[in-house]
Amino acid sequence: MNKRKSITVAVTGLNAIDNPGPGIPVIRCIKESEIFNSKIIGLAYESLEPGIFMHDLIDKTYQIPYPSAGMEVLFERIKHVNSIEKIDVIIPNFDAELYSFIKLKDRLEEIGIKTFLPTIEQFEERHKVNLNSFGDKYGIKVPASHTINSPNEFYKLPSNINFPIAVKGKYYDASIASNIEQAQQHFNKIANKWGLPIIIQEFIDGQELNVTGLGDGNGELISYVSMRKQYITDKGKAWAGVSIEDDNLKNITQNFINKTKWRGAFELEIIKKKDTNDYYLLEINPRIPAWIYLSFGVGNNIPEMLLKLCIGEKVSPSLHYKTGKMFVRYSYDMIVDIEELEQISTLGEL
Amino acid sequence: MKIKNSIAISNTGFIFNPVSGESFTTNQMGVEIINMLKAEMAYESIKDHIMDKYEVESTAFEKDYYDFVSLLKAYLVIELDK
């Protein structure tokens, strides 16, 4: 029997809620690894992120400051955690924190912590606000998008934008509006929560498809899995999905990786238009998605491959996987002693 | 007319298309017809087989058969003629 390699991995995104962060499924994939024997350090923003209390998955959790506190504060906190835990790898799982982690890459490496993240140029270029130019540059079909900073700007939208439209936040949240009044309501709601600008996108009716994968940073696709959403929550999140193998999705993904030389994990949100069967790229998420446990289920353990890339090991591409494998999410209640909440709230660790 | 090779069909009538991720269910008669289409049997042979086995009028079979086949085409279960 092979001896598994010991590794300490810090993971964010422990909010296993109705709009789940990817942290817990990432950890479950790592725990399934036959290569790594992992110690998992949770990094949490809020004291009620469910992952904090999942002691069978996470060995110890530390609270970390919000990205708005600045990179220096984040780095100091991680340095402190590292002095105790000797972290080998960090896997950040939120869009909003990625900028800081990408910028801190070299400093983290100096203290022995490795990452495998997109470059800052890749991260910025794929932003929702830049989707039109991204589509033009790489020859990928995208829905027409406009960035606005005030509800009055709805009246200045080009005439080729017809209702319904999608109103989207810079990082998260999206709602469909059938008229200007609805659009303005969504604008206010999303802007209050996530700030400006707001992205107005042509609404494309069709089947929602997702692809997750891993690029090596040199234009090679290391692995990927495609999924069709089968059950979508009122927040637009997949509560159930099934693995599929559609050559069009594979080609779009390979084209994306070849042309951008994407480094690290990603998720492509794609829609197959109802009438024309054309594929439109809606969003590129620069991280692992919350449905990543399916990648283990179909035989391509993407978080495990990501760990190998982080520590500089060679990973052979693995582009085949089982189709017809489903994930079905569920929620359950944990019983937690109030002392645990006290500890994470007052000491910032549990 | 040919059932796509990639389509998975169970004996219970569950049909899964691994390209689109769509799944459907059909009754026992549907399974029989799909299996005959898979075996690339001609329309006349399928008709004879069904009419021997079940009490059905020729015109009724013809109508139901083409309705069923057009559904299979719409759901991309059948390879469309080029």
Side-chain angles (χ1 to χ4, degrees), chain A residues 204-212 224-232 237-254 267-280 282 289 291 294-295 297-300 319-329, chain B residues 1-43 45-46 49-50 53-54 62-82:
Chain A
I204 294 175
D205 191 16
Q207 178 58 50
E208 290 184 42
L209 305 166
N210 290 48
V211 180
T212 184
Y224 86 110
V225 176
S226 307
M227 178 273 284
R228 173 195 164 103
K229 290 182 183 179
Q230 287 184 302
Y231 186 105
I232 301 172
K237 303 295 158 191
W239 199 257
V242 62
S243 62
I244 58 171
E245 192 166 14
D246 178 338
D247 286 343
N248 292 300
L249 292 177
K250 187 179 183 182
N251 291 341
I252 291 170
T253 307
Q254 268 180 326
E267 181 195 32
L268 306 180
E269 293 188 16
I270 293 167
I271 200 146
K272 187 178 176 184
K273 198 174 180 184
K274 215 181 222 172
D275 309 327
T276 62
N277 284 338
D278 285 335
Y279 293 74
Y280 287 82
L282 296 186
W291 54 275
L294 184 66
S295 77
V298 300
N300 278 349
L319 303 180
H320 296 285
Y321 55 87
K322 295 171 206 151
T323 57
K325 287 280 178 192
M326 286 171 58
F327 74 87
V328 183
R329 248 172 221 161
Chain B
M1 194 159 52
K2 199 178 159 200
I3 299 282
K4 286 182 181 173
N5 283 335
S6 56
I7 301 288
I9 302 157
S10 77
N11 290 334
T12 57
F14 188 81
I15 303 167
F16 176 66
N17 182 341
V19 175
S20 69
E22 288 174 303
S23 53
F24 319 97
T25 51
T26 182
N27 59 17
Q28 199 49 43
M29 175 73 80
V31 176
E32 279 187 57
I33 291 176
I34 286 172
N35 283 335
M36 286 187 274
L37 287 170
K38 258 187 131 172
E40 297 187 37
M41 280 170 67
Y43 167 73
S45 309
I46 295 174
H49 177 89
I50 296 293
K53 197 169 171 186
Y54 302 99
E62 191 171 332
K63 181 184 172 297
D64 290 348
Y65 174 82
Y66 283 112
D67 278 353
F68 184 62
V69 165
S70 62
L71 266 181
L72 295 179
K73 278 182 183 165
Y75 291 136
L76 303 178
V77 172
I78 284 179
E79 231 156 66
L80 299 175
D81 294 330
K82 287 178 185 163

Quiz item: At a heavy-atom separation under 4.5 Å, does A/S243 approach chain B through its side chain, its backbone, both, or neither?
Solution: backbone
Heavy-atom count around [X] [atom1] within 6.0 Å, excluding the residue itself: above 12?
X      : atom1 : answer
B/K4   : NZ    : yes
B/F14  : CZ    : yes
B/N11  : CG    : no
A/H320 : NE2   : no

Quiz item: Shortest non-hydrogen contact from B/V19 to A/D246?
Solution: O-CB, 3.5 Å
Exercise. Could you pull out the closest heavy-atom pair between A/T323 and B/F16, with the gap in Å?
Key: C-CE2, 4.4 Å
Quiz item: Out of curiosity, B/S6 OG to A/I244 CD1, how far, rounded to the nearest 0.5 Å?
Solution: 11.5 Å
